[in-house]
Amino acid sequence: MIEKFEKYWSDFCTILAIVVILDPRYKMTFIEFAYSKAYGQNSKELKHVRDKLLSIFGEYNLIIPSSSTTSVLTQMSDVGSSAGRNDNSQSTLNQRTMDMFKEFDDFDNMDCSAYVRKSELELYLDEPRIDRKIDLDILSFWKGNGFRYPNLSSMARDILSIPISTVASESAFSVGGRVLDQFRSVLKPETVQAIITTRDWKFGEIGKTCS
């Protein structure tokens, strides 16, 4: 059992960690806490989760045309600068006052440009977490925040829709191992088919009786 757990945990633990990060009640903080408990501080497993998260988000940035918060803020900055220039051209302020306002505009643009360099993922992770005790529909959260985080919300929608099963896929869809065990490993194909068919009929009759 532990071998099967290790096999499937190694395949799915990263995507499950990303699912937790996309929950605004936990984000990266819970992953850092849990991985420090499991693997110690600054583990390679935690670094792998971070790298995978950035890699997947980078793919969505390439696929989806960016109409993100950064673009909106840049456009707002341009509009504000243009309005300021128009007002200054119509005013009767002296040259010193105009220079002062120009310095202010340059200062404001520098401050804004430093802010817009953050990606949607960084902005999301920097925001305070929602109260953990709140009963939250995560898909509805990302649907409602699609305008603020267009690329990140698309990524969240795709990742959160991945079905996660606790049953091994070959165990769920194959009964061969239950028929051909170490005591019945030389059965003819016709005999195995008859056993499986009889089993299906038996469970079919039980299902009809229960319904």
Closest non-hydrogen atom pair between [X] and [Y], with its separation:
X    : Y    : answer
I31  : A17  : CD1-O, 3.6 Å
M155 : I56  : SD-CG2, 3.7 Å
I130 : I134 : CG2-CD1, 3.5 Å
A156 : L22  : CA-CD1, 3.7 Å
N151 : F57  : CB-CE1, 4.3 Å

Side chain to side chain contact (heavy atoms under 4.5 Å, CB included) between I21 and L125: does it pass, once the steps are laid out? CA-CA 9 Å; I21 294 170; L125 293 176; 3.9 Å; yes
In terms of ring plane angle, is the pair Y26 and F30 parallel, tilted or perpendicular, where the classes change at 30° and 60°? perpendicular
Within-4.5 Å side-chain heavy-atom neighbours: L123 and L152: no
Check whether any side-chain heavy atom of E32 sits under 4.5 Å from a side-chain heavy atom of R50, and report yes or no. yes
CD of E120 to CG of N145: how many Å apart, nearest 0.5 Å? 11.0 Å
Rounded to the nearest 0.5 Å, what's the gap from CG on L46 to CE on M28? Could you check? 6.5 Å
Donor-acceptor pair, side chain of [X] and main chain of [Y], under 3.5 angstrom:
X    : Y    : answer
E45  : Y39  : no
W142 : L160 : no
S153 : Y149 : yes

Any Lys/Arg nitrogen of R25 or D23 sitting under 4.0 Å from an Asp/Glu carboxylate oxygen of the other? yes
cation_pi(K27, Y124) dist<6.0 Å, angle<=45: yes
Can you see whether Y60 engages D158 through a side-chain donor-acceptor pair at a distance of less than 3.5 angstrom? yes
